[in-house]
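In what follows, a single structure is set out as C-alpha cells and then discussed.
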Number of protein chains: 2
Amino acid sequence: MKKVTVNDLAKISGYSQPTVSRALNDSNLISVEVKQKIQELAKKMNYRPNIAARSLAGQKTGIIGFYIFQMEHAMHPTLSQVLQGATRVAAEEGYNLLLVLTDEDTNKGEVAARNYLDGILIPTQETTEEEIKFLESQNIPFVLLNREPDEKRYVVNIDYEKVAMDITEHLSQAGHRRIAYLSGPEDFWINRALLKGYRKASEQFLGGLQCIRFGDWSEEEGYKLASELLELPNHPTAFFGEDFLIAGALRAIKERGLRVPKDVALVGINDVPLISSLDPPISSMRLPMDKLGEEAAGLLIKLLSGKKAKKQVLLPGELIIRESSKQEFQEEVS
Amino acid sequence: MKKVTVNDLAKISGYSQPTVSRALNDSNLISVEVKQKIQELAKKMNYRPNIAARSLAGQKTGIIGFYIFQMEHAMHPTLSQVLQGATRVAAEEGYNLLLVLTDEDTNKGEVAARNYLDGILIPTQETTEEEIKFLESQNIPFVLLNREPDEKRYVVNIDYEKVAMDITEHLSQAGHRRIAYLSGPEDFWINRALLKGYRKASEQFLGGLQCIRFGDWSEEEGYKLASELLELPNHPTAFFGEDFLIAGALRAIKERGLRVPKDVALVGINDVPLISSLDPPISSMRLPMDKLGEEAAGLLIKLLSGKKAKKQVLLPGELIIRESSKQEFQEEVS
DNA sequence: CTGAAAGCGCTTACAG
DNA sequence: CTGAAAGCGCTTACAG
C-alpha cells in the first residue's frame, strides 16, 4: 500500500502539483470547482499529507508543543486534566499535541525549533522568563497557563485570587476568625495569587489577621505545618490550602483529638479524587483544569490561524461545600 | 540568528555535505579525525539538525504516538503515570511523544499514517483487534500495554493475575474466608487477569469460594456493590478491588455501623493519592505504572532501532499494608 | 574513506 | 486562476 502523494493526485487529476497543493490547503487562488474536485479525489484516495515535507517547505506542521517539566514525582493530577482538555480541542481543530519534557538544562526554545512546533502551550511554572524571551525572539506563538498576567502575552488563568477570597469569606461567614492558609511555594504565580486573595479577604472580613505557612504540596508537609500551628496558644480554627496539604492537616487535627468541623474547619483546593471520601468529607474548590487546557489550546490555535484573540482569560472555580466546613462555628470559651 | 545547516558546515569545513552528514550521524564510513573535526565545528557553531528535513530524507520522524482514548471523564490518574514514564525514556533516546486522541469512530491506523509516527504506544483498552490488525498491515511498530499477552506481539503488562492472588492470599491469611472482589468491566484484559488470579487463589486458599461483582471504577459504584453484598446473610468480611471502588465500599461499611478492619477488611488496587488518608488508611497494591510506560517506550525504541527485544514483559506490584487489613480477623459468633 | 547527484513531498514566489 | 521551476535541509545509493 503505497502512500499517496501530491504528485499522484496531480497526475490523476490532470492538474499541476501547485494546484493540487492549493486545493488541499483550501487556498482561494483556485476556482471552487477545481478545488472541490481535487479535494474529493484526495479523500477517495485516502491522501495524507506528509508533515515532514510540509514543514520543510516552510509551512505548518499541525503540531503543538505541550511543555512538561521533568519532575521526580508523578505529574500532578491536575496537569493531566489540562492535558486532556488541550488535546481534545486540538484534535477538533486538526492539531496534535507533542509532549516536550523539559528540565533546567534544556533551552526550551531550541527544543521547539528542533521539533518544528507550530506553537507551544506552557503549563509549567518552572519555565523561566529567559526561555520565554527566547521563544518570542524566535516568533513562535505560545500561550502561558496559570502564570503572571502580562498585557503583552497570551495567558490563560484560573482566578486563584478569587478562589482564596471565596474560601476565606466562606470560612469567616461560618464564624471563623483565625483562618490559616497553607501555601505552596511562593515563587509560583498560582500561590502568589492565592496569597493575594487571602490577604484581601482577610482585610475585608477578619480585620487583617493572617496566618500563612509555606511548604510544598505533600500530605506530609500539610501534617507538619498544621501540627506546628496547632501548638500555638490561640491556634487557627480553620485551614485551607491545596487538597493534599489539607489532608495532612486533617491527620494532624485528628491526632490531637480535635474534631472537624466542630473544633477546626477545613477547605481544600483542587477537589482531587477521594478528597470527598476523607472523614469527614472535605470541602474543596473545584477548578476547571480541563477547561483551562481547552481555552489555552483554543487561543493558541486562533493565533496560529492569524486571528485576533483576547490576551487574558480568567476562569472561575466552584466551591464544593462538604462536612468539613459546613457547620456554623462557635468558639468555645475555655 | 540564522540557522546553521549541514551546507554551512560543509562550506566552512571544506568537506562535502555527505561527509558532514556522516560525521553528524556518527557513521563509520568516515575517518575518525575528520569526524571529530566536523563534530567539533558543529558544536562550536551550535548546529541543530532540522528534524523535518531529516525525516523527509530518512523516513524517520523521531515521534512516537501515544494513544489516548477519548473519555468523558478525566484521564485515570494511572494513565498520566504511564505517560510520564514513557515520555522520560523517549526523551532520553531522542524521541518525543505525540498524543493521539482516539474514539470509536477513528481509524487509528489512518491517524498514525497521517502523523508519520515512527511507532505507537497503545495503553488504551478500547483499541479493537481490527485496528491493531490495521497497524500490522501498515508495518507500523507498536507496543501494547496491559493487554492480552500474545506471542506474536509486543506487550508490556502489570502482573495483575499475581496482584489478585497476593491480595486474596493476604486476606485469607489474616483469617478471612469470605472475600469479595469488586471488579471493573470484564471486557478489559486487566480485569480478566485480576479475576483469574482471584479464582486461582480462591481455589488454593478458600476452597473455591467466590464472590464477585462487576461495575465500573467509581466510588459510587463501589458503594452500591458493597451495600448489596453487605445485605447478604453471610456477607463478606473482606473486599478488594480498585481504590475508588474500595473507597465507596468503605462508605457503605461505615454507614452500616460496621468497623474496618475489625468487622470488614479492605484492600485497594493502584494506591492512588489519598487512599492512605482515608479513615482507616486503606491497604493497597502499588503498581509501577511509570515503569510500565518506561518499559513500553524502551521496548518500542528498541524495535525502531531494529534491535531484538523480548516480546512479553511482566511487572510486579507491591502490596502496601495499612490499617484496613492489618488486623488478625476473628469471625464473631453471634 | 569521500564526493557528485538525486530525491524525500511539499509550498511558494514568479510568470502568464 | 494555473503551471513551470526552485528549494526547504537532509540522507542515501552510487561511483570512485
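Chain letters run A, B, ... following the sequence lines, proteins first, then strands; residues in each count from 1. Hydrogens, waters and symmetry mates are skipped; everything else that's a heavy atom, side chains included, is used. Owing to the predicted nature of the structure, the values given are computational and were not obtained by experimental measurement.
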Just the rounded figure in Å: distance from [atom2] of [N] to [atom1] of [X].
X	N	atom1	atom2	result
Leu29(B)	dA4(C)	CG	C1'	16 Å
Asp26(B)	dC1(C)	CG	C1'	15 Å
Tyr15(B)	dC1(C)	OH	P	13 Å
Leu9(B)	dT2(C)	CG	P	15 Å
Lys37(B)	dT2(C)	NZ	C1'	13 Å
Arg54(A)	dG9(D)	CZ	P	18 Å
Gln17(B)	dC8(C)	CD	P	17 Å
Arg22(B)	dG3(C)	CZ	P	9 Å

Looking at the side chain of [X], which of [options] is the nearest nucleotide?
X	options	result
Ser16(A)	dG9(D), dC8(D), dG3(D)	dG3(D)
Thr5(A)	dT12(C), dG9(C), dT2(D)	dG9(C)
Ser21(A)	dC10(D), dT12(C), dT2(C)	dT12(C)
Ala57(B)	dT12(D), dG9(C), dC10(D)	dC10(D)

- request: For Ile30(A), answer base if it contacts any base atom (sugar-phosphate contacts may also be present), sugar-phosphate if it contacts only those atoms, and nothing otherwise; contact means non-hydrogen atoms under 4.0 Å.
  value: sugar-phosphate
message: Tell me the closest heavy-atom pair linking Pro49(A) and Arg54(A), and the distance in Å.
response: CB-NH2, 3.5 Å
query: Heavy atoms, side chains only, cut-off 4.5 Å: are Asn146(A) and Met289(A) in contact?
result: yes
query: With under 30° as parallel and over 60° as perpendicular, where do the rings of Phe188(A) and Trp217(A) fit, or are they tilted in between?
result: tilted
query: Should dG3(C) form a Watson-Crick or G-U wobble pair with both distances under 3.5 Å, which nucleotide is its partner?
result: dC14(D)
field: Rounded distance (nearest 0.5 Å) linking atom CG of Leu299(A) with atom NZ of Lys307(A)
entry: 11.5 Å
- request: Could you tell me the separation between the CG atom of Asn157(B) and the CG atom of Leu145(B), rounded to the nearest 0.5 Å?
  value: 7.5 Å
query: For dT11(D), does OP1 or OP2 lie under 4.0 Å from any side-chain N or O of Asn25(B)?
result: yes
task: Indicate whether OP1 or OP2 belonging to dT2(D) is found under 4.0 Å from a side-chain N or O atom of Ser31(A).
output: yes
field: Comparing Asn28(B) and Asn7(A) on DNA chain C - which has the more 5′ nearest nucleotide
entry: Asn28(B)
